[in-house]
Amino acid sequence: MIEDSQPVPSTSASTSKVPNSAASRAPNSSSSRAPNSRAPISSSKEDDPDSLVRRLAGPSAGKAGLATDQSDINRIIAEASKGSKFYENEKRKDKDLTERIDKILKLRDEVTRGVDLAKVEAGVDALLTELEGKRDLSQTIVHVDMDAFYANVELLDNPSLKGKPFGVGHGVLTTASYDARKFGVRSGMAGFIAKKLCPELIFVKNHFARYSEMSKKIMAVFQRYDADMCPMSCDEAYLNVTGYCKEHGITAEECVSEMRAKVEEETKLTVSAGIAPNKMLAKNKPNGQYCLPFEREAIMDFMNKLSIRKIPGIGRVNERLLESIGIKTCGDIYIHRAVVSLMDKQFGLHFLIQTYLGIASNVVQPHAREERKSIGAERTFNTLGDKEKLLQKLEEVAQELEDDMEHSGWTGRTVTLKYKLDTYQVFTRARSCDRWVNKKEELFKLGKELLLPELPLKLRLIGLRVTKLKDLRAEDSVAGIKRFFEPAKAEDEGSNKKRKLDGSPQVHGASAEVLQEAMPGFHEDNDADMVEYPEDDDGAVDEDVFTPASPSKKPKSKAHSSRTSKPALLAEQECPICGKTMEVDNQGLNDHIDFCLSRDVILQAQTEASVEGRPASKRKNKR
DNA sequence: GCGGATCAC
DNA sequence: TATGGTGATCCGC
């Protein structure tokens, strides 16, 4: 199996601005712009820069294939945002990034001056050959994800929504139905913006308990095809079906067709799948659906046209940085390999070359509990400036965190306070201590010590996170408890080592617990296209991903009328998630479960990057 | 060890 | 008229 390689792009640079200048030699190629769009006709010069308009469209905007007329939609979004603090913050970030790019370009000019690029390219070609030798086409990796998961579950439960544009979620949408997506409505979009794009838009509440229920069914199906399947969220997973196909004497396509049919049969929900020799290719669903020939040529050809933004680890920032040196597609990486090589620190040569070759990790393993690095809670609220009120928010967050840590069995040594100003700027303040912390009073006290010196501030978010974790369920509980009372010192790290690869079974933990832990966080994702998968590339259109917020706990709730319609049927019920018992009716229990699911749970997942190289990003930013 | 940044989901 | 939450990683100090 191939381990992913390295770091990725990153940034950094010196300062100042630079008139692009020579550049290596920007060959036209795809790096040049679409002829149409960029006419200098940008009438109003004080218009938002193109980069800002794109930024305001949200993280998902660039990721999906989206129609080419996206610019109109972006305009509307930018217009609706204008003047808000959110907008100003985005503008600031866009400006900072633009400056950062100027520095990079200047650095590039310095670094390439008088250099024999052909020679540099020759060196890269040697690396290329070396990496090519590591190509592994022996494994059959599948990436599956549900089509518009939340929206389709809602559709299942409320058929009258069929054919109508609707969004799931309140202030911010967790999902947009296909009919809403036609208007440019996306998950993660603020409700009022969505309404502007689509006045007819219907808002539907989230029903997390339902999604969880369906998710379990789906995952159970996937697991039949790969016991080591790795769930990435409630509607997405990677599988290695090499063994299954061999055992049953079937092809990957047959296997996946069958699996998809099973999911649909058992849940009435549809699932998209990509089959390829590694995770990156599978996720990009070559040809929209299904298989890409497991051959070097086909893979190289596919990669050549693939937008750099589709590569995991390349987000909006890295996309712009790479674009600034002429790299928009993976094929462009080769064209500009000399510059990438000379600026390895900034861009990550190894990672990019691997990406160009279409080589990535093909290791699929579920995430182990002991890989967890942190646990936290945070809450957004209407801007507050009053000290007492802020402390109250902090206390609430501390309580939530305690509940979570207790429920999941963790304690830790370092507490980090996070706060967001009303300007949307984010800051963190941390403190490590000598004892293990997981109780509300401790969390609150430490948080307070970190927050008070910063006041006065006007905040819109407060969060707490604990790191340097110790697993209170590791080993036998006796040792775990014993340690809890011992002074926190570096030695114990044993519990956090990865013992996952030694084949030992998943330690113990109640089966219910294990199941819960395996349940990934919730978020809606991907556009899975509203169409059939086109023949040509550009088939699959991954869009964005949005993890739902916890249910808004209306702090104000004046005229709350809930009392008026309290149904009968009250009964002592136990929440399957947190175990708490309460006297409620079914609706009440459901609401509580929704609450639990939305804030609690949370996958241990995610740690995959540390196991297989990740394309992380390294940036380097001053200030 | 801390703080800022970027990213995935 | 209200632009999320959880977790990870990397870099520079």
Side-chain angles (χ1 to χ4, degrees), chain A residues 6-12 56 58-60 63 77 80-81 83-87 89-90 93 96-97 100 145 169-174 187-196 231-236 283 311-319 321 345 348 367 371-383 400 404 413-414 416-418 420 422 424-432 460-461 463 465 467-468 520-526 542 544-550 552 598-610 613-623:
Chain A
Q6 273 317 316
V8 157
S10 88
T11 79
S12 152
L56 288 166
S60 41
K63 202 125 184 182
I77 295 173
S81 301
S84 66
K85 286 182 167 150
F86 177 83
Y87 171 87
N89 187 245
E90 292 300 301
K93 289 197 289 188
D96 288 352
L97 180 54
R100 201 166 129 197
D145 66 275
H170 275 153
V172 177
L173 304 183
T174 57
S187 63
M189 186 174 276
F192 73 96
I193 301 272
K195 195 81 179 175
K196 227 156 219 154
M232 298 303 289
S233 65
C234 66
D235 75 327
E236 200 182 327
K283 171 138 182 127
I311 305 306
I314 308 229
R316 290 190 291 171
V317 172
N318 284 320
E319 176 188 31
L321 293 175
K345 192 89 182 291
H367 298 118
E371 287 171 15
R372 189 168 190 166
K373 303 282 195 305
S374 76
I375 180 167
E378 64 187 63
R379 203 58 50 208
T380 291
F381 41 80
N382 293 321
T383 302
E400 276 189 41
D404 198 359
R413 285 180 48 209
T414 300
T416 300
L417 167 77
K418 170 179 173 180
K420 191 190 283 182
D422 64 335
Y424 289 87
Q425 286 170 291
V426 175
F427 298 87
T428 60
R429 294 290 179 266
R431 175 176 303 179
S432 295
R460 68 174 351 263
L461 171 149
R465 178 161 298 276
T467 50
K468 298 278 215 53
F522 290 91
H523 62 250
E524 171 57 8
D525 153 33
N526 132 5
D542 258 356
D544 119 87
V545 163
F546 177 82
T547 311
S550 72
S552 51
S598 60
R599 83 165 167 69
D600 187 79
V601 185
I602 307 326
L603 54 171
Q604 321 298 83
Q606 242 86 332
T607 324
E608 144 184 82
S610 67
R614 93 298 320 15
S617 66
K618 348 166 156 196
R619 78 266 114 269
K620 205 180 223 189
N621 190 5
K622 271 93 215 272
R623 129 63 111 41

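First the proteins, then the strands, lettered A, B, ... as listed; each starts at 1. What's counted below: heavy atoms across the whole structure, side chains too, no hydrogens, waters or symmetry copies. Since this is a predicted model, take the numbers as computed values, not measurements.
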_What's the closest nucleotide to the side chain of A/Lys418 if the choices are C/dT6, B/dT6, B/dC2?_
C/dT6
*Tell me: CD of A/Glu319 to C1' of B/dT6, nearest whole Å?*
14 Å
*Should A/Arg431 and A/Arg413 count as side-chain neighbours, where that means a heavy-atom distance under 4.5 Å?*
no
_Using only atom types and a distance under 3.5 Å, with no angle test, would you say the side chain of A/Lys418 pairs donor to acceptor with the backbone of A/Thr416?_
no
*Would you indicate whether A/Lys196, at its atom NZ, is surrounded by more than 12 heavy atoms from other residues, nucleotides or ligands within a distance under 6.0 Å?*
no
_Taking the minimum atom-to-atom distance to the side chain of A/Lys345, which one of C/dT3, C/dG12, C/dT6 wins?_
C/dG12
_What contact category does A/Ile193 fall into here, base, sugar-phosphate, or nothing, at under 4.0 angstrom with non-hydrogen atoms?_
base
*Is the shortest side-chain N/O distance from A/Ser84 to OP1 or OP2 of C/dA2 below 4.0 Å?*
no
*asked:* From NE2 of A/His170 over to C1' of C/dT3, roughly how many Å is that when rounded to an integer?
replied: 16 Å
*asked:* Measure NZ/A/Lys420 against P/B/dG3 and give the value in whole Å, please.
replied: 19 Å
*asked:* Is A/Arg379 close enough to C/dG4 that one of its side-chain N or O atoms is under 4.0 Å from OP1 or OP2 there?
replied: no
*Nearest listed nucleotide, side chain of A/Arg429, among B/dG4, B/dT6, C/dG4*: B/dG4
*Does the side chain of A/Ser374 come under 3.5 Å of the side chain of A/Thr467 through a donor N or O and an acceptor N or O?*
no
*Minimum-distance nucleotide to A/Val172 side chain [options: C/dT3, B/dC2, C/dT6]*: C/dT3
*Looking only at atom P, what distance separates C/dT3 and B/dA8, rounded to whole Å?*
24 Å
*A/Arg100, nearest nucleotide to its side chain (from B/dA5, C/dG12, C/dG4)*: B/dA5
*Rounding to a whole Å, what distance do you find between A/Leu97:CG and B/dT6:P?*
7 Å
*Taking atom C1' of B/dC7 as reference, at what distance in whole Å does atom CG of A/Leu321 sit?*
13 Å
*Examine the side chains of A/Thr380 and A/Arg460 and answer whether a donor and an acceptor come within less than 3.5 Å of each other.*
no
*When you check the phosphate oxygens OP1 and OP2 of B/dC7, does a side-chain N or O of A/Asn318 lie under 4.0 Å from one of them?*
yes
*When you get a sec, tell me which of C/dA8, B/dG1, C/dT3 is the closest nucleotide to the side chain of A/Lys468?*
B/dG1
*Ignoring backbone atoms, test whether A/Ser432 places a side-chain nitrogen or oxygen under 4.0 Å from the OP1 or OP2 oxygen of B/dG1.*
no
*Nearest to the side chain of A/Tyr424, which nucleotide is it out of C/dG4, C/dT6, C/dT1?*
C/dG4
*Is A/Glu90 paired with A/Lys93 through a side-chain N to carboxylate O contact shorter than 4.0 Å?*
yes
*Choosing from C/dG5, B/dC2, B/dG4, which nucleotide comes nearest the side chain of A/Thr428?*
B/dG4
*From the list C/dT3, B/dT6, C/dT6, which nucleotide is the closest neighbour of the side chain of A/Ala377?*
C/dT6
_Taking any heavy-atom pair under 4.0 Å as a contact, classify A/Tyr87: base, sugar-phosphate, or nothing._
nothing
*asked:* Base, sugar-phosphate or nothing for A/Thr416? Non-hydrogen atoms, less than 4.0 Å.
replied: nothing
*asked:* In this structure, how many angstroms lie between the C1' atom of C/dT3 and the CZ atom of A/Arg460, rounded?
replied: 7 Å
*Within this structure, what is the CE-to-C1' distance between A/Met232 and C/dA8, rounded to whole angstrom?*
11 Å
*Would A/Arg379 and A/Glu400 satisfy salt bridge (charged side-chain N to carboxylate O under 4.0 Å, His left out), going step by step from the backbone distance to the final call?*
CA-CA 10 Å; A/Arg379 203 58 50 208; A/Glu400 276 189 41; 2.5 Å; yes
_Selection from B/dC7, B/dG1, C/dG4 that lies nearest to any side-chain heavy atom of A/Thr380_ = C/dG4
_So, does A/Arg431 get its side chain near the phosphate of B/dG1, meaning an N or O under 4.0 Å from OP1 or OP2?_
no
*With heavy atoms under 4.0 Å as the rule, sort A/Gly315 into base, sugar-phosphate or nothing.*
sugar-phosphate
*Starting from C1' on C/dT3, measure out to CG on A/Leu461 and report it in whole angstrom.*
12 Å
